[in-house]
Amino acid sequence: LAHGSIFGADADRIVLKRIVLTGYPTRVHKRHAVVKYMFYNPEDVRWFMPAGITTKHGLQGNIIQSVGDHGVMKCLFNAPIKQHDTVCLH
């Protein structure tokens, strides 16, 4: 048994949820890094490719390409990235 209310049955209503996706660099070479654990499939990587990414230490970057079939991606940053940094997509 449940209780609730309905706002309306508008098909054009957009449900907007603000979250921060995070991933971790697994291979790092200067400004390039391979990031894991942010996405689960290559389609998600391609969908978010135009969006910019940041790190907890303040670096800015872009997604270059998807690697494999588990949502791993190659990224390029504006400065050398460290292995212990966290990559965020706002």
Side-chain angles (χ1 to χ4, degrees):
L1 188 64
H3 296 278
S5 61
I6 297 176
F7 292 118
D10 185 14
D12 296 328
R13 181 180 297 262
I14 297 173
V15 177
L16 183 65
K17 190 175 188 180
R18 186 179 173 120
I19 59 171
V20 177
L21 298 173
T22 58
Y24 302 99
T26 56
R27 290 185 172 188
V28 174
H29 182 68
K30 296 184 181 179
R31 294 174 44 205
H32 295 273
V34 176
V35 179
K36 275 186 168 181
Y37 308 120
M38 186 179 288
F39 302 114
Y40 293 107
N41 52 31
E43 291 82 26
D44 291 341
V45 176
R46 284 193 294 272
W47 177 266
F48 285 102
M49 204 175 275
I53 54 176
T54 60
T55 66
K56 295 236 177 168
H57 289 188
L59 300 177
Q60 303 287 322
N62 292 315
I63 300 171
I64 301 297
Q65 68 180 11
S66 176
V67 178
D69 57 350
H70 296 292
V72 181
M73 60 186 174
K74 284 185 184 178
C75 301
L76 177 66
F77 294 92
N78 62 345
I81 184 172
K82 304 283 186 179
Q83 184 80 33
H84 64 275
D85 210 348
T86 303
V87 179
C88 302
L89 178 75
H90 295 279

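Excluded from the calculations below are hydrogen atoms, water molecules and symmetry mates; all remaining heavy atoms, backbone and side chain alike, are included.
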Could you list the donor-acceptor pairs under 3.5 angstrom formed between side-chain atoms of residues 28-51 and any protein atom two or more places apart in sequence or on another chain?
residue : atom : partner : partner atom : Å
Arg31   : NE   : Phe77   : O            : 2.8
Arg31   : NH2  : Phe77   : O            : 3.3
Asn41   : OD1  : Asp44   : N            : 3.1

So which atom in Leu89 and which in Gly52 form the shortest heavy-atom distance, rounded to 0.1 Å?
CD1-O, 3.4 Å

Distance in Å, Ile53 CD1 paired with Thr22 OG1, rounded so as to fall on 0.5 Å steps:
12.0 Å

Output the rest of the hydrophobic cluster of Ile64: all Ile, Leu, Val, Met, Phe, Trp and Tyr residues reachable through side-chain heavy-atom contacts under 4.5 Å, sorted by chain and number.
Leu76

What's the shortest heavy-atom distance between Ile81 and Pro25, and which atoms?
CD1-CG, 4.1 Å

Examine Met73 and Ile19 and state if one hydrophobic cluster contains both, with Ile, Leu, Val, Met, Phe, Trp and Tyr joined whenever side-chain heavy atoms are less than 4.5 Å apart.
yes

Tell me, which pairs form a side chain to side chain donor-acceptor pair (under 3.5 Å) where one or both residues lie in residues 61-73, sequence neighbours left out?
none

For Thr55, side chain to side chain donor-acceptor pair (under 3.5 Å) partners two or more places apart:
Asp85

Could you tell me whether the side chain of Val87 reaches within less than 4.5 Å of the side chain of Tyr24, counting heavy atoms only?
no

